[in-house]
Amino acid sequence: MTIDATAKGKDFIRQSILSDLSEGKNESRVFTRFPPEPNGYLHIGHAQSICLNYGIASEFQGRCYLRFDDTNPTKESEDYVDAIKQDVLWLGFNWQEHLTHASDYFEDFYNCAMQLIEDGNAYIDSQTADEIKSSRGTLNAPGAESPYRNRSVAENQGLFERMRSGEFEEGENVLRAKIDMSAANINLRDPVLYRILHAEHQRTAGQWCIYPLYDFAHTVSDAIEGITHSLCTLEFEDHRPLYEWILDHLTLPHRPRQIEFSRLNLEHTITSKRKLSELVEKGLVEGWNDPRMPTISGMRRRGYPASAIRDFCKRVGVTKKEKSIQIAQLENSVRQELDNNSPRAMAVIKPLKVVIDNYPEDQIESLAANNHPKNQAMGTRTLPFSKEIYIEENDFMEDPPAKFFRLKPGGEVRLRFGYIIKCEEVIKDNNGDILEIHCSYDPDTKSGSGTSKRKVKGTIHWVSAKQCVSATLRLYSTLLSAANPKSISDLNEESLTVVKNAALEENLAHASPGDRFQFERTGYFVVDENSLQGEELVFNRIVTLRDSWAKMQKT
RNA sequence: UGGGGUGUAGCCAAGGGGUAAGGCAACGGGUUUUGAUCCCGUGAUUCGCAGGUUCGAAUCCUGCCACCCCAGCCA
């Protein structure tokens with residue numbers, strides 16, 4: 001495999017990598033990294049970053065590190081680490097031996113900090129957090145220098161050593177870079193590099209009580225690992241000058257380059273770890289992997305194939321423009337994948353009994369059905385047909401509108417893979433509610449028999465009343481009503497509809513968790529991961545089929 | 001009113017002086033024993049706006065406008 005060196009049509013990041021390569025930078029290496037903080041679950045936005053970083057590494061024959069950015073022990077935990085690894089693997093990417101943690105470099109960070117101190121580029125500030133905050137200035141006014149800014153190198157060294165050895169309380173001292181309190185870019189106004197945190201770290205336990213902040217730890221980690229292109233989101237654009245400053249003032253083995261791209265926003269969803277965890281904590285969803293969540297684990301449980309998520313990220317592209325992608329875009333990727341690879345099955349969501357009066361009382365006939373209309377390799381299965389069947393309640397209308405191609409009084413319809421039936425009588429209870437439909441069937445119209453030239457406009461799905469299995473169906477729609485939700489306050493009340501006693505063809509009785517099917521004419525469904533075999537089957541609706549009839553009805 | 005960014009169709013997105021790719025959506029039509037899939041067709045006299053340079057500008061220059069981000073000892 002060789003590197004595709006044409007820049008045409010590629011996103012701006014790949015174009016600049018190509019240009020760096022053509023200039024002979026980084027000994028022709030391309031190293032990237034995906035650096036999640038283990039303080040929550042990965043979501044669709046992370047998926048884009050994962051696809052970008054691992055995609056680039058593989059296209060350029062480089063490597064991509066999975067680096068846990070674990071510099072804040074008060075917010076992080078090892079539980080998230082496992083979930084994150086699982087999600088990356090499931091998405092189809094592998095870090096191989098390049099699994100690292102910022103905490104692997106704590107000693108290096110400390111030495112780098114000492115180097116800054118020795119060179120007079122950093123100092124210990126003994127102001128309180130409030131004092132630091134109020135002397136930082138504002139967007140329009142410069143900040144004021146700390147009274148501790150000109151401590152001697154020796155004093156700073158001593159203080160920093162004492163910070164490390166645990167002599168101070170949290171907040172008593174911090175290490176600050178000595179840059180420029182009047183810089184227009186606030187990140188350059190003597191940013192804090194290290195703070196004291198008497199907290200147990202998930203990996204280094206009680207070994208440290210000082211922890212580096214993002215800008216310092218992230219930059220040095222990139223340089224240590226030899227990352228050539230450090231890709232992050234737009235909000236870090238302002239931090240790039242600090243990133244460069246750190247690289248400029250330290251002796252490091254490599255010189256990474258930071259490039260920023262816009263984050264992926266999806267309509268009707270929220271991708272903020274804070275808000276997602278709020279949904280979880282308030283019990284508004286089942287958990288991080290609730291099928292309505294935009295988390296990778298949620299989408300996995302919902303039944304979205306990993307390949308569909310990758311395809312979606314690829315179609316959406318990488319730019320610096322703020323984007324808000326329509327759900328239809330994601331659903332398109334999901335449907336495309338599922339249409340190709342899902343075996344078909346018949347399932348009646350809301351059963352309505354149909355009795356075929358002229359069909360022999362105890363006869364059960366086996367009908368052959370293709371598992372996929374185009375892919376013969378997916379084989380066939382057998383469907384039992386008998387006198388009593390269930391059809392979808394909304395496939396019958398007593399007084400239908402024009403162009404209703406389904407069952408109506410006196411009308412005919414084809415049963416998928418079966419016969420043409422005609423509605424002879426509608427049986428109702430005292431309230432006028434429909435109890436069952438009586439039909440006749442035409443024995444000469446059996447599917448595939450070739451004896452019938454007759455055609456009817458409509459074909460509906462069905463299930464044999466005695467030979468079917470009952471299941472619970474969970475029908476999902478967006479969690480939030482607003483297209484661009486700002487908070488989790490406008491929850492969609494109908495984001496989950498639970499349907500009990502749906503009637504499925506009996507072949508589905510032994511489906512296993514994770515198995516995906518297209519229920520013909522209704523949608524794609526997956527067996528929920530908690531669905532127990534032998535007990536009630538639970539299916540999650542992944543996505544509906546496109547429905548031009550429903551669309552017609554609306555207009 | 002400081003600094004950093006971004007503006008091409010409803011949503012994404014190519015295009016980087018030679019006369020607006022593609023995808024999603026929408027809308028028409030065809031095929032169909034899934035109103036699915038599939039196939040065909042329909043959109044920008046114009047690229048945030050206004051000037052300028054040029055034979056020629058979405059692309060270069062100037063000015064303006066709109067929107068986003070930044071004042072954590074979070075990442």
Side-chain angles (χ1 to χ4, degrees), chain A residues 8-11 35-37 39 69 71-72 74-76 125 127-129 132-134 136-143 170-176 183-189 191-197 211 213-215 217-218 232-241 260 262 264 267 273-274 312 314-333 335-336 339-340 344 346 370 372-374 403-406 413-418 420 445 447-448 455-461 483 518-523 544-552:
Chain A
K8 198 171 176 359
K10 289 205 171 81
D11 60 71
E37 182 187 15
N39 69 341
D69 207 348
T71 57
N72 187 350
T74 64
K75 291 192 174 174
E76 298 149 5
D125 195 346
Q127 293 185 105
T128 64
I132 289 177
K133 182 176 180 171
S134 59
R136 187 155 18 232
T138 67
L139 295 179
N140 296 308
E170 287 184 12
E172 238 182 294
N173 289 302
V174 291
L175 179 73
R176 287 232 256 173
N185 181 340
I186 293 178
N187 294 120
L188 260 19
R189 318 239 264 230
V192 174
L193 265 22
Y194 259 95
R195 82 288 218 187
I196 297 168
L197 248 30
Y211 294 93
L213 272 87
Y214 167 82
D215 291 294
H218 194 257
C232 62
T233 42
L234 250 30
E235 66 269 29
F236 293 104
E237 223 155 10
D238 285 346
H239 293 242
R240 183 157 24 96
E260 311 85 10
S262 58
L264 190 165
E267 285 193 351
K273 279 192 203 166
R274 226 203 88 247
F312 168 71
K314 185 177 165 189
R315 285 173 189 254
V316 158
V318 180
T319 63
K320 299 192 73 155
K321 185 175 127 185
E322 266 185 79
K323 54 186 100 195
S324 182
I325 313 291
Q326 297 173 331
I327 291 284
Q329 187 79 240
L330 211 206
E331 290 187 337
N332 174 66
S333 292
R335 285 196 187 102
Q336 190 160 311
D339 179 49
N340 289 331
R344 314 282 118 131
M346 295 219 277
N370 292 125
H372 191 106
K374 291 180 182 171
K403 294 187 178 173
F404 181 80
F405 305 141
R406 285 110 99 139
V413 76
R414 173 172 287 282
L415 295 174
R416 178 82 164 143
F417 301 121
I420 291 174
T445 58
S447 271
K455 284 204 181 269
V456 286
K457 185 67 185 167
T459 299
I460 63 174
H461 57 100
Q518 184 201 92
F519 289 172
E520 294 209 24
R521 303 209 310 133
T522 65
T544 61
L545 250 37
R546 285 197 179 83
D547 189 350
S548 58
W549 169 244
K551 203 182 283 180
M552 265 172 77

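Just so we're clear, the structure is a prediction, and the values are computed from it rather than from any experiment. Numbered from 1 within each chain, the chains take letters A, B, ... in sequence-line order.
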Query raised in the report: Taking the C1' atom of each, how far is B:U33 from B:A14, in whole Å?
Result: 42 Å
Query raised in the report: Salt bridge or not for A:Glu237 and A:Lys320, using N-O below 4.0 Å?
Result: yes
Query raised in the report: So, is A:Lys455 close to the B:U33 phosphate, meaning a side-chain N or O under 4.0 Å from OP1 or OP2?
Result: yes
Query - P atoms of B:A50 and B:U45, separation to the nearest Å - result: 14 Å
Report summary line: Rounded to whole Å, the CD-P distance (A:Glu322 to B:C67) equals 12 Å
Requested in this report: Starting from P on B:A13, measure out to NZ on A:Lys314 and report it in whole angstrom.
Outcome: 16 Å
Query raised in the report: At under 4.0 Å between heavy atoms, what does A:Lys374 touch on the DNA or RNA strands: base, sugar-phosphate, or nothing?
Result: base
Query raised in the report: Distance between the P atoms of B:U8 and B:C60, in whole angstroms?
Result: 16 Å
Requested in this report: Starting at atom NZ of A:Lys320, determine the distance to atom P of B:C12, rounded to an integer number of angstrom.
Outcome: 18 Å
Query - A:Ser262/A:Thr319 under side chain to side chain contact (heavy atoms under 4.5 Å, CB included): CA gap, chis, key distance, verdict - result: CA-CA 6 Å; A:Ser262 58; A:Thr319 63; 3.8 Å; yes
Query raised in the report: Rounded to the nearest Å, what distance is computed from the CZ atom of residue A:Arg315 to the P atom of nucleotide B:C12?
Result: 16 Å
Query raised in the report: Is A:Arg414 side chain donor-acceptor paired with the B:U33 base, going by distance under 3.5 Å alone?
Result: yes
Requested in this report: Taking atom P in both B:C69 and B:G43, compute the distance separating them and give it to the nearest angstrom.
Outcome: 38 Å
Query raised in the report: Expressed in whole Å, how much space separates the P atoms belonging to B:U31 and B:U19?
Result: 39 Å
Query - A:Arg344 side chain near B:U37 phosphate (N/O to OP1/OP2, under 4.0 Å) - result: no
**Report entry** Interatomic distance where CD belongs to A:Gln329 and P belongs to B:C11 [whole Å]
**Finding:** 13 Å
**Report entry** Of A:Pro373 and A:Asp11, the one whose closest RNA chain B nucleotide lies more 5'
**Finding:** A:Asp11
Requested in this report: Grab the CZ-P distance between A:Phe312 and B:G23 for me, whole Å please.
Outcome: 17 Å
Query raised in the report: What is the distance, rounded to the nearest whole Å, between atom NZ of A:Lys321 and atom P of B:C47?
Result: 15 Å
Requested in this report: Quick one, give me the B/S/- string for nucleotides 69-75 of chain B, reading 5' to 3', where B means a protein heavy atom under 4.0 Å from the base and S means that only happens at the primed atoms, P, OP1 or OP2.
Outcome: BBBSBSB
Query raised in the report: Does a side chain donor of either A:Asn39 or A:Arg274 reach within less than 3.5 Å of an acceptor in the other side chain?
Result: no
**Report entry** Donor + acceptor pair across side chains of A:Thr74, A:Asn72 (<3.5 Å)
**Finding:** yes
**Report entry** Glycosidic conformation of B:G16, taking syn as within 90° of 0 and anti otherwise
**Finding:** syn
**Report entry** Salt-bridge present (A:Asp339, A:Arg344; N to O < 4.0 Å)
**Finding:** yes
Query raised in the report: Between the base of B:G4 and the side chain of A:Arg240, is there any donor-acceptor pair under 3.5 Å?
Result: no
